[in-house]
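Here is the structure we will look at.
Excluded from the calculations below are hydrogen atoms, water molecules and symmetry mates; all remaining heavy atoms, backbone and side chain alike, are included. Every chain is numbered from 1 and lettered A, B, ... according to where its sequence line falls, protein lines coming before strand lines.
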2 protein chains.
Amino acid sequence: MDTASPKTRTRIQKQKRELILEAALEVFSQHGFRGSTIDQIAEAAGMSKPNLLYYFRSKEDIHHTLIQRLLDTWLAPLRELDDVGDPLTELRGYIRRKLEMARDFPRESRLFANDILQGAPRAMPMLEDELKTLVDEKAEVILGWMKAGRIARTDPRHLIFSIWATTQHYADFDVQVRAVLGPGRDGEGRFEDAARFLEQLFMDGLKPKG
Amino acid sequence: MDTASPKTRTRIQKQKRELILEAALEVFSQHGFRGSTIDQIAEAAGMSKPNLLYYFRSKEDIHHTLIQRLLDTWLAPLRELDDVGDPLTELRGYIRRKLEMARDFPRESRLFANDILQGAPRAMPMLEDELKTLVDEKAEVILGWMKAGRIARTDPRHLIFSIWATTQHYADFDVQVRAVLGPGRDGEGRFEDAARFLEQLFMDGLKPKG
DNA sequence: GCCATTTTTGACCGATTGGACAAACGTTAG
DNA sequence: CTAACGTTTGTCCAATCGGTCAAAAATGGC
């Protein structure tokens, strides 16, 4: 058979590929590309290494498929940022959705972070294409709000960076956050604390009321 | 001789060790621990692999020495945060110093980020000890400012996280920032844009004036 | 039940890796 | 000059890695 042509894939092949991708996400997000071995992924997927290589041509192939497939999910919150609607409400919503993604999909966040940290050897084409296009489009929307005096005037792209940075921080640097905060509040409590803080930061900053 | 006992190290040994650590910082920060090889570090340091292993017992030893030594530098900006002095000025200063570190020492930032992303297998002891202690101390200072009504009331620890996240983002995700912004503004211009944006964000937030 | 196709596996391979080691080299004090 | 010590290197090793391959096992259509 030919696992390379998506047309002819049986239901079993699709299932196994999904199983492998799920296992690979777990392993890659924890150890990075070079730090992960095919054996680890195979074991996590409950199959032998040659068996895994029957469904994917190579380790590179798995990683590429994974990162390609997850990009849409990852960019979805920004896509929802809507031109119509109240600007502050839209941005608050974006921040919250992004924070929810960091809470619900930390592995996906770390998968991208691992690659980008090392110079994006695998994600670069998508950064320059889909990501840049989307950011350009949304930066224009935000700029429109600023020009209309509906939000403060700043650099829209750096605003987007700061939203990415602050939200993804809770996924990418989770162990550090945990080490600093101690065992006091659990996952859900921490999430609410972060949400409250970020809302206040992005809305009003640090200056005292008055 | 015995490179393990710091007491008996000659000047040449110290020099060579510095040379190796500099090379190792370059390599580790680009490829992570597992992605780096002793050969790469040795070549970057201009010596042979066995020669390098004459000065450091193992790859792990190099990484450990590096991360241990760099922690103080990395935490210095936060240490400077001073109880006396105007709170908003202090925080603005901290943000700027941290952003300067991201600009001037991106390799150090990536070295830590690489480790923490993968569960901090090597940095964890320091996170729980020195880092937590320092954050606890400074969080108390910030909390004092809040209680005195001199800055807005929020969670001081999440405030520190957000400063780390937004500033280090420019070091850790440099390639992504570059891909999104395009080749327009160079390093120094980008830095000034980021500084201006972050100052405004942390001071006033996004609400329009009025 | 039988055959063709798909799936799974054990055995294997070449390349790379971290590290050991002894021999060679350089330097310097006496 | 030379013995002692610090430094450097070529060679080697065992382990691990990504990936191949042929044969075995399971599956499904007839």
Nucleotide dG18(C), atom C1' - distance to NE2 of H31(B) in whole Å: 17 Å
Trace of the side-chain contact (heavy atoms from CB on, under 4.5 Å) decision for R96(A) with E199(A): CA-CA 8 Å; R96(A) 177 160 268 270; E199(A) 166 152 355; 5.7 Å; no
Closest nucleotide among dT7(C), dG18(C), dT8(C) to the K16(A) side chain: dT8(C)
Separation of dT20(D) C1' from L52(A) CG (nearest whole Å): 14 Å
Nucleotide nearest Y54(B) when distance is taken to its side chain, options dT7(C), dT8(D), dG18(D): dT8(D)
Protein-nucleotide distance (D61(A), atom CG; dG19(D), atom C1'), rounded to Å: 13 Å
From CA spacing to verdict: side-chain contact (heavy atoms from CB on, under 4.5 Å), T167(B), M101(B): CA-CA 9 Å; T167(B) 53; M101(B) 299 262 325; over 6 Å; no
Lys NZ or Arg CZ of R17(B) over F56(B) ring: under 6.0 Å, within 45°: yes
Whole angstrom value for the distance that separates P of dG18(C) from NZ of K59(B): 4 Å
Nucleotide dC13(C), atom P - distance to CD1 of I38(A) in whole Å: 19 Å
Taking distance alone, no hydrogens or angles, what donor-acceptor pairs closer than 3.5 Å link side-chain atoms of residues 178-187 of chain B to residues at least two apart or in another chain?
from, atom 1, to, atom 2, distance (Å)
R178(B), NH1, D174(B), OD2, 3.4
R178(B), NH2, D174(B), OD2, 2.7
R185(B), NE, D193(B), OD1, 3.3
R185(B), NE, D193(B), OD2, 2.6
R185(B), NH2, D193(B), OD1, 3.4
D186(B), OD1, G189(B), N, 3.4

Residue Y55(A), side-chain atoms from C-beta onward, closest of dG18(D), dT6(C), dT8(C): dT8(C)
Geometric class of the H158(B)/F161(B) ring pair [parallel <30°, tilted 30-60°, perpendicular >60°]: perpendicular
Pair listing, ring-ring contact (aromatic ring centres under 6.0 Å, His included) test, anchored in residues 29-52 of chain A, at least two apart: F28(A)-F33(A), F33(A)-H63(A)
Any Q13(A) side-chain N or O less than 4.0 Å from OP1/OP2 of dT6(C): no
Of residues 40-51 of chain B, the positions that come close to DNA chain D - non-hydrogen atoms, cut-off under 4.0 Å: S48(B), P50(B), N51(B)
Main-chain N/O of A171(A) paired to R110(A) side chain as donor or acceptor, under 3.5 Å: yes
L19(A) CG - dT7(C) P separation (whole Å): 14 Å
Sugar-phosphate, base or nothing in reach of L53(B), heavy atoms under 4.0 Å: base
Distance, rounded to the nearest Å, where D39(B) contributes CG and dT17(C) contributes C1': 8 Å
